[in-house]
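Worksheet: one structure, shown below.
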2 protein chains.
Amino acid sequence: MLEYIVLGMVNYEDMTGYDIKKYIESGISVFYKASFGSLYPILKKLANKGLVAMYESNHGDRKKNYYHITDEGRKAFEIWLETPIMIDDGNGTQLVKIYFYDLLQEDKRRELLIRYRENNVTYLKGLYELEEQYVNTRNKDCYYYKLSVLYYGIRIIKETIKWCDDIIERKDLSEI
Amino acid sequence: MLEYIVLGMVNYEDMTGYDIKKYIESGISVFYKASFGSLYPILKKLANKGLVAMYESNHGDRKKNYYHITDEGRKAFEIWLETPIMIDDGNGTQLVKIYFYDLLQEDKRRELLIRYRENNVTYLKGLYELEEQYVNTRNKDCYYYKLSVLYYGIRIIKETIKWCDDIIERKDLSEI
DNA sequence: CCTGCCATGTAACGAGTTACATGATTTC
DNA sequence: GAAATCATGTAACTCGTTACATGGCAGG
């Protein structure tokens, strides 16, 4: 996952590992955190695979290691980006893809967002079924907080579906 | 984390590894998934630490490995449960603690929930600051989807705060 | 008798964190 | 000249997954 985020970052412009960390912190820290201990090895790995290329650049006297995306890297990133977002993985890590959705063409993006929305609707149905089972089989008083996490899930998925609707229509989110 | 969830499950009643997986699936699958490949080793580890005790029981001819929590295990679980929920870890994994909050006494629970709510409020402020930076420094049109993930974060945190308010007051969540 | 679920486990791997080590450069 | 931040990296570790292996029991 982080591998592709890094690839997506250097896709915008050449960066150092340090830069990438700052970008992640200021952009997708809601979903994802990265430590140097994972970033630097990933950059090396990507370089070995030929998806990025490293070059040294001296800003003043100081030399920094900049990374540049290759054609192959761009292709790999594109494939990842156009793979539908999975919802079944518990934590919404995959959602990070949408951060890069400005790069997609309108019809492709629309298709992917609609699909993601549908997945959420399906998942929501599953949660409602779970709710029914709970309500039928258990003493509500003793299980208030057990049930509450289920309702939390329901609310979050509902909110996610609303958000999908809004960004599909490209509504101005700052006014809502 | 999963270690404590397992501990929490056997705290309710003696269970087999298989049972625990089913309970997790029907209860906290929204936040957490567990595989047998992690469950069974964790049970062994807990047994080695003396936090649970295993015994065999023959249901018919078939023998199953049941796990029973020890006093020490109960204590360890309690300490974990009463440790405030962290919000800074990106994925809301820690939220799973609330699943077990029925076990807490009202005042302790209230204290912990209010604290969690406050942490969310603080986190939300940080997101609004990020928003300001974004809006000031970047071209809104080219960065619609980058901004949208930030707004998603804002909405989710807002929803989480609302949910905290509701469960602190022990509102009936099914009617909302 | 065979399919599907119950039940337990292990080995290899993956993804990322924490803590440490190092040193340069900027800012006060 | 001290402190903060820039900048790069490694080693040990944690936590978990995937895939495999094994076998029992139940219902059609």
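Since we're looking at a predicted model, the values are computed, not measured. Chain naming here is simple, since letters A, B, ... match the order of the sequence lines and numbering starts at 1 in each.
The ring pair (Phe, Tyr, Trp, His ring centres under 6.0 Å) search around B/Tyr4 returns B/Trp80, not counting sequence neighbours. For B/Tyr151, the ring pair (Phe, Tyr, Trp, His ring centres under 6.0 Å) test picks out no residue, with sequence neighbours left out. Applying the ring pair (Phe, Tyr, Trp, His ring centres under 6.0 Å) criterion to A/Tyr101, with sequence neighbours excluded, gives no partner residue. Listed by chain and residue number, nothing satisfies the ring pair (Phe, Tyr, Trp, His ring centres under 6.0 Å) test with B/Tyr128 (two or more places apart in sequence, or in another chain). The side-chain contact (heavy atoms from CB on, under 4.5 Å) search around B/Lys22 returns B/Tyr18, B/Asp19, not counting sequence neighbours. Partners of A/Tyr152 according to the side-chain hydrogen bond (donor to acceptor under 3.5 Å, both in side chains) rule, which considers only residues two or more places apart in sequence or in another chain, are B/Thr160. Every residue was checked against the side-chain hydrogen bond (donor to acceptor under 3.5 Å, both in side chains) condition with B/Ser148, not counting sequence neighbours, and none meets it. In this structure B/Glu25 satisfies the side-chain hydrogen bond (donor to acceptor under 3.5 Å, both in side chains) test together with B/Lys21, sequence neighbours excluded.
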Review item, side-chain donor-acceptor pairs of residues 5-15 of chain B, under 3.5 Å, at least two apart:
| residue | atom | partner | partner atom | Å |
| --- | --- | --- | --- | --- |
| B/Asn11 | OD1 | B/Arg74 | NE | 3.3 |
| B/Tyr12 | OH | A/Lys146 | NZ | 2.3 |
| B/Glu13 | OE2 | B/Tyr23 | OH | 3.2 |
| B/Asp14 | OD1 | B/His68 | ND1 | 2.8 |
| B/Asp14 | OD2 | B/Tyr55 | OH | 2.6 |
| B/Asp14 | OD2 | B/His68 | ND1 | 3.1 |

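Rounded to an integer number of Å, the gap from CD1 of B/Ile20 to C1' of C/dG9 is 15 Å. The nearest whole Å value for the distance from the NZ atom in B/Lys63 to the P atom in D/dG23 is 13 Å. Straight-line distance from the NZ atom of A/Lys21 to the C1' atom of D/dC6: 12 Å, rounded to whole Å. Rounded to a whole Å, the CD atom of A/Glu25 is 13 Å from the C1' atom of D/dC6. Rounded to an integer number of Å, the gap from CG of A/Leu46 to P of C/dG14 is 15 Å. Note: CE (B/Met54) to C1' (C/dT8) measures 10 Å, nearest angstrom.
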| Can you give one letter per nucleotide of nucleotides 11-22 of chain D, 5' to 3': B if a protein heavy atom sits under 4.0 Å from the base, S if only from the sugar-phosphate, - if neither? | ----SSBB----
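Between A/Lys44 and D/dT10 there is a side-chain N or O to OP1 or OP2 distance below 4.0 Å.
In the helix from C/dC1-D/dG28 to C/dC28-D/dG1, the rotation axis of the first five pairs and that of the last five pairs differ in direction by 30°, rounded to 10 degrees.
For the segment residues 9-19 of chain A, no residue has any heavy atom less than 4.0 angstrom from an atom of DNA chain C.
Not a single donor-acceptor pair under 3.5 Å links the side chain of B/Asn120 to the backbone N or O of B/Ile157. The main-chain N or O of A/Ser29 is found under 3.5 Å from a side-chain atom of A/Lys33 such that the two form a donor-acceptor pair.
Closest to the side chain of B/Asn65, out of C/dT8, D/dA7, D/dT10, is C/dT8.
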